[in-house]
Colleague: 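One structure, pasted below without further comment.
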Protein chains: 2
Amino acid sequence: MKPVTLKQIAETLGISITTVSKALKDYPDVSKKTKALVKDLAQTLNYKPNSFAVNLRTKESKTIGLIVPEIVHHFFSSVIKGIISQAEKKGYLVITLQSNESYDLERKQIELLLNKRVDGILISLANQTADYNHLNAVMSNNTPLVMFDKIAKLVKCSKVLINDREAAYKATQHLIDTGCKKIAHFRGPLLPQNSIDRFLGYKKALIDNGITYDSSLVYILKDMSYEEGRFYAKKLVDEHEGVDGIFINTDLVAIGAITEFNSLKIKVPEDISVIGFSNWFMSSVISPSLTTINQPGFEIGKKAFKLLYKEINSKKNDKIINFKEVILDTQLVLRESTKS
Amino acid sequence: MKPVTLKQIAETLGISITTVSKALKDYPDVSKKTKALVKDLAQTLNYKPNSFAVNLRTKESKTIGLIVPEIVHHFFSSVIKGIISQAEKKGYLVITLQSNESYDLERKQIELLLNKRVDGILISLANQTADYNHLNAVMSNNTPLVMFDKIAKLVKCSKVLINDREAAYKATQHLIDTGCKKIAHFRGPLLPQNSIDRFLGYKKALIDNGITYDSSLVYILKDMSYEEGRFYAKKLVDEHEGVDGIFINTDLVAIGAITEFNSLKIKVPEDISVIGFSNWFMSSVISPSLTTINQPGFEIGKKAFKLLYKEINSKKNDKIINFKEVILDTQLVLRESTKS
DNA sequence: CTGAAAGCGCTTACAG
DNA sequence: CTGAAAGCGCTTACAG
């Protein structure tokens, strides 16, 4: 019933614990014969090293922590999948936590993970996070940290990103290229860097194309929900005439907007073109289907883990860690919600 | 730089490690004065117990393992969220793994978790899983195990479920009540218990209503994907005339089917009524929106953790564990894909 | 090639 | 009220 230990194997075989340990780990200074003996017995007894003891000795847990703002979310669940699958390949397990976009929770979760002594932390920040002490604490605790998607520019660590500004530019340019003249923007809250960047890309595209920027056409949303999409779509048409295009920060909101337009009998894209951001699966099945920017969640997750893994190993070998900023490509995905 | 230990606090204060340890844990046999002294210093030094050492001593990790077939999936991500949020409240962290519906992966992951010595395991089985040795291994290893959604009837452990048969009956009955006479069924593979139960509920509803069961109207799908939904929707209308209703095992497939009907100019629900299962978010935003059975993922997750938590504590206190089977309620969600 | 010994950082039964 | 000691199960530097 009780788990088998090195001691039991050693006693059964009449040799020392040291030799058993070395034999199992294929140390060169153990005879072939002894190794065979030990390994055989370990096998038949179904010996598994006690990970608690191994952790204590080696000071590593082969576990990493992951904090995302939301789990029930196409983009983040794709990222999680990418991280977990990659981690598993490298022998790491992943503890996932969800901040619910709350700074307080995020801070507590960082502490939980640090107390747990995970080997590294992966995080996409909560919208509410404006203070980076908890992140700097991770760094000064010497725990590798990689941020992705919603990052803090000011924190010195590796990051995995897309070029939000360029992608937003591309999206807005597409609206312009297909004939839109009066283009609104539903943006995220003032804080996460990517909602700033997407806004700036939108603005720059307008200006580069000789369209006057009108700040009243920019709506700042809070929770980026479907309901908000509906609400602001209504508000937009109540407050403005002749808007013929919108670039929306994220697909879920865009889907809300399209639904609202449908129910208001405003035709998409004939009356108004809509372009989203992120390429959620459901964007391809609603009608009209949503033109959007593809944001490669799975690859972002994989890449983020790979960076973290390298840093964990560099740390182990006392090498200097060079922070990297990896930018992944995005694609414009053409569908029915914009004109051709 | 190095983490603070009990030893350092003891030396600084000139008392024993034992007393420091007891003071921090508020043992009654330490003087108020000493406690205050110790706690103060611990605070200022930002002492955090080394979880590796604590794990080794207490033989518990305050960590549980979770295996789901798929993460990028509305239902499972809701369950994960429920589990993680509940676990966090009780001081448990969750290691999540994804089996990709593969039996081999699932088996390896169980072993990973057991080697990691998690305090308990939560699992929803892969479709491919037909052999339960790995699950019985968990039980005989004395690690609490709770299964949810896709379970194995033969494994003796606690389970969190919905009444799939009854819910499927309810769905089929709704089609009948709204005038459908020739009702098809897209079911899941032969193995997961819930696809069997949903099929049985469908069949029983037909029979109870005097409709002859026709096995050629039942299609057995493999991966329950959107693409399969489209494919079988086409196949159904190619092979049968006059089908006026379908009950589909899961929303994603139903959404594929509706998309296919839309593109074939078959009107839903006028020509054919469609009812899904699970109530994915996107089902409410497609058009026509999908009538379905709500399956409370978040609550299933919460309940599953609560059961596991009880078992972990029972085990710790050497109490007998009584396996429970909790059945959660489902609701019929009426939308546009069925007649009223 | 083998093993005695120290130590990772805690907890707790026991003695005083 | 305090502390010495054993022990959780490993790993590894060192001696032989």
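To find a chain, count down the sequence lines: A is the first, B the second, and so on, and within it residues start at 1.
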Colleague: So, for S124(A) and P69(A), which heavy atoms are closest and what is the spacing to 0.1 Å?
Modeller: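 For S124(A) versus P69(A), the nearest heavy atoms are O-CD, 3.5 Å.
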Colleague: Could you write out DNA chain C as a dot-bracket string, with dots for unpaired bases, | for bases paired across to another strand, and Watson-Crick or G-U pairs counted at under 3.5 Å?
Modeller: |||.||||||||.|||
Colleague: Going from CD on E88(B) to CG on L112(A), what distance comes out if it is rounded to the nearest 0.5 angstrom?
Modeller: 6.0 Å
Colleague: Enter the distance from T129(A):OG1 to K150(A):NZ here, rounded to the nearest 0.5 Å.
Modeller: 8.5 Å
Colleague: For residues S102(A) and D104(A), is any side-chain donor paired with an opposing acceptor at under 3.5 Å?
Modeller: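 There is no such pair (donor and acceptor under 3.5 Å, judged by atom type) between the side chains of S102(A) and D104(A).
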Colleague: Between K25(A) and A53(A), which has a closest nucleotide on DNA chain D that is more 5'?
Modeller: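 Here A53(A) is the residue nearer the 5' end.
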Colleague: What is the distance, rounded to the nearest whole Å, between atom CD of E11(B) and atom P of dG9(C)?
Modeller: 12 Å
Colleague: Walk me through whether I83(B) and K302(B) qualify under side chain to side chain contact (heavy atoms under 4.5 Å, CB included).
Modeller: CA-CA 5 Å; I83(B) 291 169; K302(B) 271 176 74 164; over 6 Å; no
Colleague: For T5(B) and T34(A), find the nucleotide of DNA chain C closest to each by heavy atoms; which residue's nucleotide sits nearer the 5' end?
Modeller: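 Looking at the nearest nucleotide for each, T34(A) comes out on the 5' side.
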Colleague: How many Å lie between CG on L6(B) and P on dG7(D), as a whole number?
Modeller: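 Interatomic distance, CG of L6(B) to P of dG7(D): 20 Å.
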Colleague: Hey, is the main chain of Q98(B) close enough, under 3.5 Å, to the side chain of Q109(B) for a donor-acceptor pair?
Modeller: yes
Colleague: Please report the distance, rounded to the nearest Å, between CG in L56(B) and C1' in dT12(C).
Modeller: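 Spelled out: CG on L56(B) to C1' on dT12(C) is 14 Å.
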Colleague: Starting at atom NZ of K62(B), determine the distance to atom C1' of dT11(C), rounded to an integer number of angstrom.
Modeller: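 K62(B) atom NZ is separated from dT11(C) atom C1' by 15 Å.
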Colleague: I'd like a list of close polar pairs between nucleotides 3-6 of chain C and the protein, N/O only, cut-off under 3.5 Å.
Modeller:
from   : atom 1 : to     : atom 2 : distance (Å)
dG3(C) : OP2    : S16(A) : N      : 3.1
dG3(C) : OP2    : S16(A) : OG     : 3.4
dG3(C) : OP2    : T19(A) : OG1    : 3.1
dG3(C) : O6     : K22(A) : NZ     : 2.5
dA4(C) : N7     : T18(A) : OG1    : 3.3
dA4(C) : N6     : T18(A) : OG1    : 2.8
dA5(C) : N6     : T18(A) : OG1    : 3.2

Colleague: I need the NZ-C1' distance between K32(B) and dT2(D), as an integer number of Å.
Modeller: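 Distance check: K32(B) NZ to dT2(D) C1' gives 18 Å.
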Colleague: Can a side chain N or O of Y47(A) be found less than 4.0 Å away from OP1 or OP2 on dG9(D)?
Modeller: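 False: Y47(A) side-chain N/O out of range (4.0 Å or more) of dG9(D) OP1/OP2.
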Colleague: Taking atom P of dT11(D) as reference, at what distance in whole Å does atom CG of L24(A) sit?
Modeller: 8 Å
Colleague: Going from CG on N115(B) to NZ on K108(B), what distance comes out if it is rounded to the nearest 0.5 angstrom?
Modeller: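 Atom-to-atom, N115(B):CG and K108(B):NZ are 13.5 Å apart.
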Colleague: Could you give the CG-to-C1' distance, from D26(A) to dT12(D), as a whole number of Å?
Modeller: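 Spelled out: CG on D26(A) to C1' on dT12(D) is 16 Å.
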Colleague: Mind calculating the distance between CG (N50(B)) and C1' (dC8(D)) to the nearest angstrom?
Modeller: 13 Å
Colleague: Please determine whether a side-chain nitrogen of the Lys or Arg among K324(B) and E311(B) lies less than 4.0 Å from a carboxylate oxygen of the Asp or Glu.
Modeller: no
Colleague: Would you tell me if any nitrogen or oxygen in the side chain of S21(A) comes within less than 4.0 Å of OP1 or OP2 on dT11(D)?
Modeller: yes
Colleague: Below the 4.0 Å mark, does dG9(C) have OP1 or OP2 next to a side-chain nitrogen or oxygen of K59(A)?
Modeller: yes
Colleague: Whether Y27(A) contacts dT12(D) is assessed here as follows: a side-chain N or O lying under 4.0 Å from the phosphate OP1 or OP2. Is that the case?
Modeller: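 Yes, Y27(A) has a side-chain N/O under 4.0 Å of OP1/OP2 on dT12(D).
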Colleague: Is the backbone of S61(A) close enough, under 3.5 Å, to the side chain of T63(A) for a donor and an acceptor to pair up by distance?
Modeller: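 Pair found, side chain donor or acceptor close to backbone of S61(A).
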